[in-house]
J.: 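Could you have a look at this structure, given as structure tokens, before my questions?
Just so you know, these numbers use all the heavy atoms, side chains as well, and skip hydrogens, waters and symmetry mates. FYI, the numbering just counts along the sequence from 1.
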Amino acid sequence: RLKFDNDTIKKVTRLVCFHDYRTEATPANVRRAMNRIGVDLFPYYLAVRMADAKAQSSYRRREKIENIVAMRKFYQEAIIKDECVTLRQLAVSGRDLMNLGMRPGVEIGRMLSELLEYVIDNPEKNDKKILCNYVKKKISQRENSISPLRYFCYTSLILSFQLDTKDCTTFFVCRKFNLRISSDAN
């Protein structure tokens with residue numbers, strides 16, 4: 001029986017998990033793969049893919065190997081340019097988002113993930129001022145639009161007023177999402 005340390009087991013498991021992860025070799029796709037697989041494991045991932053391609057039949061082997069070589073080139077460029085592929089490399093943090101008026105919690109995590117995807121697609125946008133303006137724009141769009149859940153609360157509350165009943169649950173949900181409804185709404 002073979003025994004390995006936990007770190008090796010974790011790395012090998014991750015490599016086996018992602019060894020069939022295939023994507024077109026573009027800079028954005030490589031940065032996204034680096035984020036999903038891990039920057040430290042990405043060269044090993046490419047080596048596993050290369051070994052896998054060489055061990056398979058000759059059908060489309062050249063195409064597969066060219067894809068891996070192109071991915072390696074984009075990976076090296078991303079490392080040299082120190083492009084953002086993780087949340088730690090993002091120019092803004094959760095504290096910056098709270099300073100812009102966002103509430104702590106899941107909302108900040110979602111926004112950071114959205115910002116990371118934005119920066120992975122546009123690495124030149126990883127600037128604190130640009131990202132803060134992006135967040136401000138998103139916040140104002142969200143405040144001016146009504147989400148499906150808020151719409152459901154609004155229509156449920158109107159319906160309960162029309163039926164002359166007091167639906168405490170619906171009112172509580174609407175209060176939780178800060179929905180303001182005037183008493184003359186029909």
Side-chain angles (χ1 to χ4, degrees), residues 5-50 64 66-151 153 175-180:
D5 59 289
N6 289 338
D7 187 49
T8 302
I9 292 171
K10 182 179 174 186
K11 286 179 180 178
V12 170
T13 304
R14 197 159 174 84
L15 286 171
V16 169
C17 178
F18 282 105
H19 89 280
D20 267 340
Y21 180 73
R22 306 281 193 261
T23 184
E24 184 183 346
T26 65
N29 286 343
V30 170
R31 287 189 298 271
R32 192 165 286 106
M34 289 169 64
N35 174 263
R36 288 191 179 129
I37 296 166
V39 178
D40 56 333
L41 283 181
F42 199 77
Y44 298 110
Y45 158 76
L46 293 175
V48 168
R49 278 206 46 213
M50 183 65 81
K64 293 175 186 176
E66 287 172 357
N67 178 276
I68 295 166
V69 169
M71 287 184 76
R72 182 176 288 132
K73 185 186 106 186
F74 291 131
Y75 165 75
Q76 290 169 344
E77 288 176 7
I79 294 296
I80 290 169
K81 293 178 183 176
D82 196 31
E83 292 178 341
C84 177
V85 294
T86 65
L87 286 174
R88 287 188 178 169
Q89 294 172 309
L90 208 55
V92 295
S93 65
R95 178 125 354 251
D96 296 320
L97 299 183
M98 286 189 279
N99 291 340
L100 292 173
M102 292 186 73
R103 294 181 189 160
V106 178
E107 183 181 357
I108 287 184
R110 285 188 188 134
M111 182 56 76
L112 286 171
S113 294
E114 183 177 334
L115 289 173
L116 181 60
E117 285 296 316
Y118 178 67
V119 168
I120 284 175
D121 289 332
N122 308 291
E124 69 280 356
K125 304 281 185 176
N126 192 23
D127 177 71
K128 189 170 185 170
K129 186 175 181 180
I130 292 171
L131 294 178
C132 285
N133 287 335
Y134 180 86
V135 171
K136 288 176 188 176
K137 182 179 170 185
K138 286 289 185 176
I139 290 172
S140 68
Q141 285 175 352
R142 287 181 184 163
E143 288 175 354
N144 294 332
S145 68
I146 186 164
S147 71
L149 185 56
R150 285 187 180 186
Y151 180 76
C153 290
R175 295 251 321 155
K176 181 179 177 187
F177 290 97
N178 296 325
L179 185 62
R180 292 171 184 85

J.: Give the C-alpha distance, both sets of side-chain angles, the deciding distance and a yes or no for side chain to side chain contact (heavy atoms under 4.5 Å, CB included) between Cys84 and Leu116.
T.: CA-CA 8 Å; Cys84 177; Leu116 181 60; 3.7 Å; yes
J.: To the nearest 0.5 Å, what is the distance between SG (Cys132) and CG (Asp96)?
T.: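 Here the rounded value is 5.5 Å.
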J.: Please name the pair of heavy atoms, one in Leu87 and one in Leu112, separated by the smallest distance, quoted to 0.1 Å.
T.: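 Closest pair (atom of Leu87, atom of Leu112, distance): CD2-O, 3.6 Å.
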J.: Tell me if a side-chain donor or acceptor on Asn126 pairs with a main-chain N or O of Leu131 at a distance below 3.5 Å.
T.: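 No, Asn126 side chain to Leu131 backbone: no donor-acceptor pair under 3.5 Å.
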J.: Enumerate donor-acceptor pairs with a distance under 3.5 Å from any side-chain N or O in residues 37-45 to protein atoms, sequence neighbours excluded.
T.:
{"unit_1": "Tyr45", "atom_1": "OH", "unit_2": "Tyr21", "atom_2": "O", "d": "2.4"}
{"unit_1": "Tyr45", "atom_1": "OH", "unit_2": "Arg49", "atom_2": "NH1", "d": "3.4"}

J.: Who are the side-chain hydrogen bond (donor to acceptor under 3.5 Å, both in side chains) partners of Asn122, not counting sequence neighbours?
T.: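 Not a single residue meets the side-chain hydrogen bond (donor to acceptor under 3.5 Å, both in side chains) criterion with Asn122.
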J.: Which is it for Met111 and Leu115 under the side chain to side chain contact (heavy atoms under 4.5 Å, CB included) test, yes or no, and what are the steps along the way?
T.: CA-CA 6 Å; Met111 182 56 76; Leu115 289 173; 4.2 Å; yes
J.: Quick one: CG on Asn29 to CG on Asp121, what's the gap to the nearest 0.5 Å?
T.: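 Nearest 0.5 Å value for the CG-CG distance: 8.5 Å.
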J.: Side chains of Lys64 and Met50: closer than 4.5 Å at any heavy-atom pair?
T.: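 Result no, sub-4.5 Å side-chain heavy-atom pair not found.
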J.: Are Arg32 and Val85 close enough that some pair of their side-chain heavy atoms sits under 4.5 Å apart?
T.: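 No; the side chains remain at least 4.5 Å from each other.
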J.: With a 3.5 Å distance limit and no angle check, can you tell me whether Arg22 reaches the backbone of His19 through a side-chain donor-acceptor pair?
T.: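 Yes.
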J.: Any side-chain to backbone donor/acceptor pair from Arg31 onto Ile120? Under 3.5 Å, distance only.
T.: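 Pair found, side chain donor or acceptor close to backbone of Ile120.
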J.: Kindly give the heavy-atom pair with the smallest separation between Arg72 and Leu46, and that separation in Å.
T.: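 Closest approach of Arg72 to Leu46, heavy atoms only: CA-CD1, 3.7 Å.
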J.: Report yes if some heavy atom in the side chain of Pro27 is under 4.5 Å from a heavy atom in the side chain of Val30; otherwise report no.
T.: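 Counting from C-beta outward, Pro27 and Val30 never come under 4.5 Å.
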J.: In chain order, what residues pass the side-chain hydrogen bond (donor to acceptor under 3.5 Å, both in side chains) check against Thr8, with sequence neighbours excluded?
T.: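 Result, side-chain hydrogen bond (donor to acceptor under 3.5 Å, both in side chains) vs Thr8: Asp5.
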J.: With rounding to the nearest 0.5 angstrom, report the CD to OH distance, Glu83 to Tyr75.
T.: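 One finds 12.5 Å between CD of Glu83 and OH of Tyr75.
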J.: Indicate yes or no for a side-chain donor-acceptor contact from Glu114 to the backbone of Arg110 under 3.5 Å, with no hydrogens or angles considered.
T.: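 Here the side-chain-to-backbone pair does not exist.
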J.: For Glu77, enumerate each residue passing the side-chain hydrogen bond (donor to acceptor under 3.5 Å, both in side chains) test, keeping only those at least two apart in sequence or located in another chain.
T.: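 Scan of Glu77 (side-chain hydrogen bond (donor to acceptor under 3.5 Å, both in side chains), adjacent residues dropped) gives none.
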J.: Applying side-chain contact (heavy atoms from CB on, under 4.5 Å), name anything that partners Thr13, two or more places apart in sequence or on another chain.
T.: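 Listed in chain order: Ile9.
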J.: To the closest 0.5 Å, what do you measure between CD1 (Ile108) and OG (Ser113)?
T.: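 Going from CD1 on Ile108 over to OG on Ser113, the span is 12.0 Å.
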J.: Mind checking the CD-CG spacing from Glu107 to Leu97? Nearest 0.5 Å is all I need.
T.: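 Between Glu107 CD and Leu97 CG, I get 9.0 Å after rounding to 0.5 Å.
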J.: Looking at side-chain heavy atoms only, is the closest gap between Lys10 and Asn6 below 4.5 Å?
T.: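 A side-chain contact is absent here, since even the closest heavy-atom pair is not under 4.5 Å.
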J.: Would you check, one step at a time, whether the test side chain to side chain contact (heavy atoms under 4.5 Å, CB included) holds for Arg103 with Met98?
T.: CA-CA 6 Å; Arg103 294 181 189 160; Met98 286 189 279; over 6 Å; no
J.: Just verifying a value: how many Å separate Lys125 NZ and Tyr118 OH, rounded to the nearest 0.5 Å?
T.: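 Answer rounded to 0.5 Å: 4.0 Å.
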J.: Walk me through it: do Arg95 and Asn99 pass the test side chain to side chain contact (heavy atoms under 4.5 Å, CB included)?
T.: CA-CA 6 Å; Arg95 178 125 354 251; Asn99 291 340; 4.1 Å; yes
J.: Please name all residues satisfying side-chain hydrogen bond (donor to acceptor under 3.5 Å, both in side chains) with Gln76, sequence neighbours left out, ordered by chain then number.
T.: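 Residues passing side-chain hydrogen bond (donor to acceptor under 3.5 Å, both in side chains) with Gln76: none at all.
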J.: Indicate yes or no: at least one non-hydrogen side-chain atom of Thr23 is less than 4.5 angstrom from one of Met71.
T.: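 Side-chain contact under 4.5 Å: yes.
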